[in-house]
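Taking it in order: structure first as structure tokens, then the write-up.
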There are 2 protein chains.
Amino acid sequence: MLSTRHLPSLASIRAFEAAARHCSFAKAARELDTTAASVSYHVRCLEQETGVRLFLRFAQRVELTESGAAVAREATAAFDALRASFLHAAAAEETRLSLTTLPSLGTSWLTPKLGRFRAKHASIALEIELSADAQDLVGGRFDAAIRNGYGNWPGLRTHALFPSVFMPLCAPALRETAKALDDPQRTLEVPLLGRPDWWALWYRAHGRMPLPPASHFGPLLSAEYLDIAAAVAGQGIAIGSPILFRSEIDAGRLVPAHALVVGTGRTFWFTYPAARAQSRKIGAFRDWLEDEAARDREAARPFLRKIKIVEPQS
Amino acid sequence: MLSTRHLPSLASIRAFEAAARHCSFAKAARELDTTAASVSYHVRCLEQETGVRLFLRFAQRVELTESGAAVAREATAAFDALRASFLHAAAAEETRLSLTTLPSLGTSWLTPKLGRFRAKHASIALEIELSADAQDLVGGRFDAAIRNGYGNWPGLRTHALFPSVFMPLCAPALRETAKALDDPQRTLEVPLLGRPDWWALWYRAHGRMPLPPASHFGPLLSAEYLDIAAAVAGQGIAIGSPILFRSEIDAGRLVPAHALVVGTGRTFWFTYPAARAQSRKIGAFRDWLEDEAARDREAARPFLRKIKIVEPQS
DNA sequence: CGACAGGCTAAGTCAAACTTATGCTCAGCA
DNA sequence: TGCTGAGCATAAGTTTGACTTAGCCTGTCG
């Protein structure tokens, strides 16, 4: 009859449980949006499989047996507990958002704004992991990511935040020294900080100055925001995003060392698996993030007004 | 997402619960005797429907999330409780047998034997309801019945116990008076007790005596065993079954008032719904009952050796 | 008495459940 | 290092338990 782990058809148990609550097959059918014949069939199968009389039948009604009532109590409790656990898990799921993002964006741009997100969405705890490499969004480890790229990632939904651009930035004290970026007669007296490939692209876009030799470059640091920190300290001219480091500019710790802003067509995106489109927390974070990005794009308008796009050499 | 009473697909929950226990879709599939693809599909559907990440996926394994683990605990507990309630109900069902039977058979024949049934099957509690009318066996109120008839009841399984026959029985003191049943010269000095239709059939089978007028019949009592009680008290000659009332004969309280035993082809049957054929308690009771009936048929062999069958007039 | 509600059953239908085939990523081993 | 096997994923196709429909029966009520 009933083996060790075997359980009767759960569909039958579901039909029985509803019939027991209503003491009526017709009412159970209405609740389950099915027919009384289906309920009758399932209860009969259950009785046959288990050998337990669950209902006494009368012409126009049914009556639970003692055994039937006992099983029904357990069934109702079991389904209620199951339901509650899903509701609880879904609610808990909506209170934690795990985000993977690039180190400079996370450190310099996002983190300073989190107070505003927390104020707006007190119930959502944000967990941010910084990584220079794009993390997998399918395995379930992360809910969403902020990435730099062209936004053509299969299976992911993408929302553009702001363009990925760069320009020379330096401490105000180096404003005079920085004029050498535009003057072939002047010698560059401080090192160039940041990604050499960006500097190469910048000089290419500039078009009227040769790329300085490698000896003019500072040490290669592991993230953009470290180059910027060195520039703030007056150690050279860094190449970086006027959006990501806007707070430094606004505070007067950095100034544009040259007016030319270069881009490669890349953008910063907020992205998540398409299957997660219904997630309320992802939606809330996305909406807030888009507002923040729009605000920063607006504030950076003088820099973004005239971006010179260059093709990266592959 | 999840409405008030709605529960996700129970098949999906079942697959998830097994996968959670094993932390492996492949192992769950083996337990459920299905494929890993099926388990994977169900878990995915469940995650999609509930919005809850239940597992983190790695190339060759899966890992429960916190939420997944919580839901799994509830699911395992729910299924275990359900299973236990069915096992318990099935066990309880096997300890109670409700039988409907005819009054005389129940009172005079079956009840005196119940000690032997109880001794043999201590765990089965017998509940007997006496009724002159055949009770419904389909509604679930009764497990089985002992009926008198031809045994052709649709949907029921039948086991013959002993033939339904009748003969004149009286107290020993009326043995001389009873000779009038065979002697046209003698006047019947005591009333005839019991069913007038049986007396009519008996005289028809006799063939050498006219049926006495209605004035020779005693009052119409509601059950055969009451007629017999009156006969034991010497109030007349009763017509009844030498099997049902064998104990009175053995004790010398009654003697056959005439040797002729008449039957109409009817039998006493033990019967139950065919769908209940697997019931252990019904099987146990049937086996015991058949033994008792066989024993009584053997003891009544002198009476049953030569039964005169007459057709009832319809 | 007729209408209706609510059970039952058998035959037929259908959609969720399941299978098969293929692909991908590791881990372990020679 | 290359090969094998295990264990996930997905899409297309198949199957079967779940469900529907039609008809019947029994009460209840107006």
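Residue numbers begin at 1 in each chain, while the letters A, B, ... track the order of the sequences.
- You can see that DNA chain C meets the heavy atoms of chain B within a 4.0 Å-exclusive cut from C:dA17 to C:dA27, reading 5' to 3'.
- A:Phe142 is linked by a ring-ring contact (aromatic ring centres under 6.0 Å, His included) to nothing, counting only residues two or more places apart in sequence or in another chain.
- In this view, A:Ser98 and A:Asp143 satisfy the side chain to side chain donor-acceptor pair (under 3.5 Å) rule, not counting sequence neighbours.
- With sequence neighbours excluded, no residue satisfies salt bridge (charged side-chain N to carboxylate O under 4.0 Å, His left out) with A:Asp136.
- The salt bridge (charged side-chain N to carboxylate O under 4.0 Å, His left out) check on A:Glu127 picks up A:Arg141, with sequence neighbours excluded.
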For residues 55-62 of chain B, run the donor-acceptor check on the side chains, cut-off 3.5 Å, and write out each pair with its distance to 0.1 Å, sequence neighbours left out.
{"unit_1": "B:Arg57", "atom_1": "NH1", "unit_2": "B:Glu47", "atom_2": "OE1", "d": "2.9"}
{"unit_1": "B:Arg57", "atom_1": "NH1", "unit_2": "B:Glu47", "atom_2": "OE2", "d": "2.9"}
{"unit_1": "B:Arg57", "atom_1": "NH1", "unit_2": "B:Phe55", "atom_2": "O", "d": "3.1"}
{"unit_1": "B:Arg57", "atom_1": "NH2", "unit_2": "B:Glu47", "atom_2": "OE1", "d": "3.0"}
{"unit_1": "B:Arg61", "atom_1": "NH1", "unit_2": "B:Glu63", "atom_2": "OE2", "d": "2.9"}

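- The distance from atom CZ of B:Phe55 to atom P of D:dC8 is 9 Å, rounded to the nearest whole Å.
- Applying the ring-ring contact (aromatic ring centres under 6.0 Å, His included) test to A:Tyr272 and every residue at least two apart in sequence or in another chain returns A:His159, A:Phe270.
- For B:His88, there are no side chain to side chain donor-acceptor pair (under 3.5 Å) partners, not counting sequence neighbours.
- Here B:Trp109 pairs with B:Asp296 under the side chain to side chain donor-acceptor pair (under 3.5 Å) rule; sequence neighbours left out.
- The aromatic rings of A:Phe162 and A:Phe268 are tilted relative to each other, their planes meeting at an angle between 30° and 60°.
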Please tabulate, for side-chain N and O atoms in residues 10-20 of chain B, each donor-acceptor pair with protein atoms closer than 3.5 Å (sequence neighbours left out).
{"unit_1": "B:Ser12", "atom_1": "OG", "unit_2": "B:Ser9", "atom_2": "OG", "d": "3.3"}
{"unit_1": "B:Ser12", "atom_1": "OG", "unit_2": "B:His42", "atom_2": "ND1", "d": "2.9"}
{"unit_1": "B:Glu17", "atom_1": "OE1", "unit_2": "B:Arg21", "atom_2": "NH2", "d": "3.0"}
{"unit_1": "B:Glu17", "atom_1": "OE2", "unit_2": "B:Arg21", "atom_2": "NE", "d": "2.9"}
{"unit_1": "B:Glu17", "atom_1": "OE2", "unit_2": "B:Thr76", "atom_2": "OG1", "d": "2.6"}

When you check every protein heavy atom under 4.0 Å of nucleotides 17-30 of chain D, what one-letter string (B, S, -) results, 5' to 3'? -SSBB----BBS--
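- Over its length, the helix from C:dC1-D:dG30 to C:dA30-D:dT1 turns its helix axis by 20°, as judged from the five terminal pairs at each end, rounded to 10°.
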